[in-house]
Amino acid sequence: MDSSESTHQTNDARKTIRWRRCDAAAAAVRAPFQILTTTLLSLLLPLSFLLLARLSTAQYFLSATDNYPQEAAAADAAATAAEPTSTSFLRSLFLYSKKPTVLHFLVSLITVSSLTYALTGKFIFRPSHHSISGADQPPSERRRLYGAWLLLFVFQVCVGLGIEGSIAAGIDGSGFGQESSFLLRIAFFFGLHETILFWRWTVVKPVVDDTMFGGWRKEGWVEKAAVGLSYGGLWWWRLREEVEALVVVPALMAEVGVADFMGWWLYYLTVAIGLVRVVRGFVFTVGILTRRREEIDLRRPNDDKV
């Protein structure tokens with residue numbers, strides 16, 4: 001009896017040790033994978049701006065031809081012959097339609113929300129930052145999380161299909177040059193970075209953390225550095241050359257469509273977010289310097305007495 005109980009206890013102890021080792025190994029892999037996933041999904045927003053710029057470029061080149069929209073129909077027919085019907089239909093929906101796409105409205109929603117948060121510190125829709133996992137979360141938190149899931153899924157589908165279609169069609173918006181001033185480009189750079197942080201904090205991170213950890217996980221400097229470096233690399237590689245099409249194309253076209261106006265509007269809305277960030281940073285820096293100067297002035301009388 002005693003020997004059998006001791007054998008069972010030994011087996012249970014071995015199983016416990018194995019489970020702990022498995023949990024430790026999973027935790028060691030889970031954290032880097034969470035950082036990688038969060039970083040890649042955060043880049044969906046700057047890729048959305050890249051796609052919108054390429055859509056404006058496609059509309060400009062198609063409208064510049066004498067036989068537009070017959071040129072678009074011919075290109076659509078060629079794409080249909082080379083690809084499955086569903087893929088060619090979705091590509092034509094993105095590239096050859098002069099109406100705003102779903103992506104225009106989704107990017108506008110995120111950008112306006114980011115500007116509202118930058119100005120007032122209030123959310124249009126609050127993110128799900130609950131540390132409780134599973135069914136223990138309040139219904140309101142679960143609804144926000146489901147909304148973030150849906151928004152992230154639609155962004156992935158739109159950006160994936162649009163970027164793939166633009167590459168297959170050979171669309172490149174870097175030929176317009178950099179028409180905006182240097183200060184506007186700097187403001188847009190900081191504004192888009194601020195919008196990426198807002199997008200990651202309200203949509204991407206709640207979804208990834210809930211999937212991998214069952215709830216909100218405090219972010220560290222590694223996550224912030226990974227997102228910043230990835231955005232900087234994408235900006236230097238493609239975005240800084242092609243995003244100018246959002247501003248240049250409406251100025252070149254004889255008839256500006258709603259989609260082109262929305263692209264122009266999004267560009268300057270992002271510039272406004274960047275200006276707000278620069279002003280806030282300047283005010284914060286001045287406040288720190290003033291506080292230190294006051295502390296130095298308060299210490300001087302004591303030093304004179306000594």
Side-chain angles (χ1 to χ4, degrees), residues 39 42-61 64 103-104 107-120 159 162-163 166-167 171-201 221 224-254 256-257 259-290:
T39 302
S42 298
L43 293 180
L44 284 175
L45 190 68
L47 287 175
S48 300
F49 276 88
L50 179 64
L51 176 57
L52 294 180
R54 290 187 174 183
L55 293 180
S56 296
T57 303
Q59 291 300 320
Y60 171 74
F61 285 126
L103 192 62
H104 284 87
V107 175
S108 299
L109 174 64
I110 298 298
T111 307
V112 171
S113 301
S114 178
L115 180 60
T116 303
Y117 179 74
L119 292 174
T120 64
V159 172
I163 293 294
S166 65
I167 293 174
I171 299 173
D172 187 358
S174 59
F176 291 102
Q178 296 179 348
E179 298 293 334
S180 300
S181 64
F182 176 75
L183 293 178
L184 277 181
R185 293 198 299 271
I186 292 296
F188 181 85
F189 175 82
F190 284 115
L192 186 53
H193 182 258
E194 189 76 12
T195 309
I196 292 172
L197 296 179
F198 178 85
W199 156 260
R200 178 178 65 91
W201 195 57
W221 65 269
K224 297 179 181 179
V227 173
L229 291 175
S230 300
Y231 168 59
L234 180 62
W235 174 268
W236 185 261
W237 177 53
R238 282 288 181 185
L239 201 57
R240 67 187 177 95
E241 297 179 351
E242 297 194 36
V243 77
E244 294 292 318
L246 293 174
V247 180
V248 178
V249 168
L252 296 177
M253 296 184 66
V256 179
D260 298 321
F261 173 77
M262 290 188 69
W264 176 87
W265 177 68
L266 283 172
Y267 183 92
Y268 284 104
L269 199 64
T270 308
V271 168
I273 296 173
L275 292 176
V276 171
R277 178 177 179 179
V278 171
V279 171
R280 289 176 60 185
F282 177 75
V283 172
F284 180 75
T285 304
V286 172
I288 291 178
L289 295 177
T290 304

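Just so you know, residue 1 is the first one in the sequence shown, and it goes up from there.
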Exercise. Do the side chains of R240 and R185 get nearer than 4.5 Å, heavy atoms only?
Worked result: no
Seminar exercise, completed: Between the CG atom in L266 and the OG1 atom in T111, the distance rounded to the nearest 0.5 Å is 5.0 Å
For this session: Provide the closest heavy-atom pair for A53 versus A245 in the form atom of the first, atom of the second, distance.
Result: O-CB, 3.7 Å
Exercise. Could you state the interatomic distance from CG (L239) to CZ (F49), rounded to the nearest 0.5 Å?
Worked result: 8.5 Å
For this session: Measure centre to centre between the rings of W264 and Y268, then say whether the value is under 6.0 Å.
Result: yes
Exercise. What is the distance from atom CG of L51 to atom CD of E242, rounded to the nearest 0.5 Å?
Worked result: 10.5 Å
Exercise. Less than 4.5 Å apart, any side-chain heavy atom of T39 and any of S42?
Worked result: no
Exercise. Got Y231 and W236 here, is their nearest side-chain heavy-atom distance under 4.5 Å?
Worked result: no
Exercise. Does the side-chain contact (heavy atoms from CB on, under 4.5 Å) test come out yes or no for T270 and L115, once each step is laid out?
Worked result: CA-CA 8 Å; T270 308; L115 180 60; over 6 Å; no
For this session: Step by step, work out the side-chain contact (heavy atoms from CB on, under 4.5 Å) result for L44 and W199.
Result: CA-CA 9 Å; L44 284 175; W199 156 260; 4.3 Å; yes
Exercise. What distance do Y117 atom OH and F198 atom CZ have between them, rounded to the nearest 0.5 Å?
Worked result: 8.0 Å
Exercise. With H104, which residues qualify under side-chain contact (heavy atoms from CB on, under 4.5 Å), at least two apart?
Worked result: L52, L55, P100, T101, A259, M262
Exercise. Tell me, do I186 and V278 make a side-chain contact under 4.5 Å, heavy atoms counted?
Worked result: no
For this session: Give the ring-plane orientation class for Y267 versus F188, where under 30° counts as parallel, over 60° as perpendicular and anything between as tilted.
Result: parallel
Problem set entry | Under 3.5 Å: donor-acceptor pair, side chain of S114, backbone of I110 | no
Exercise. By ring pair (Phe, Tyr, Trp, His ring centres under 6.0 Å), which residues pair with F190, not counting sequence neighbours?
Worked result: none
Exercise. Roughly how far apart are L45 CG and H193 NE2, rounded to 0.5 Å?
Worked result: 11.5 Å
For this session: Apply side-chain contact (heavy atoms from CB on, under 4.5 Å) to L43 and I196, showing your working.
Result: CA-CA 8 Å; L43 293 180; I196 292 172; 5.6 Å; no
For this session: Mind checking the CG-CZ spacing from L197 to R277? Nearest 0.5 Å is all I need.
Result: 6.5 Å
Exercise. Between V107 and S48, which heavy-atom pair has the shortest distance, and what is it?
Worked result: CG2-CB, 3.7 Å
For this session: Heavy atoms only: give me the nearest A187-L275 pair and the separation to one decimal.
Result: CB-CD2, 3.9 Å
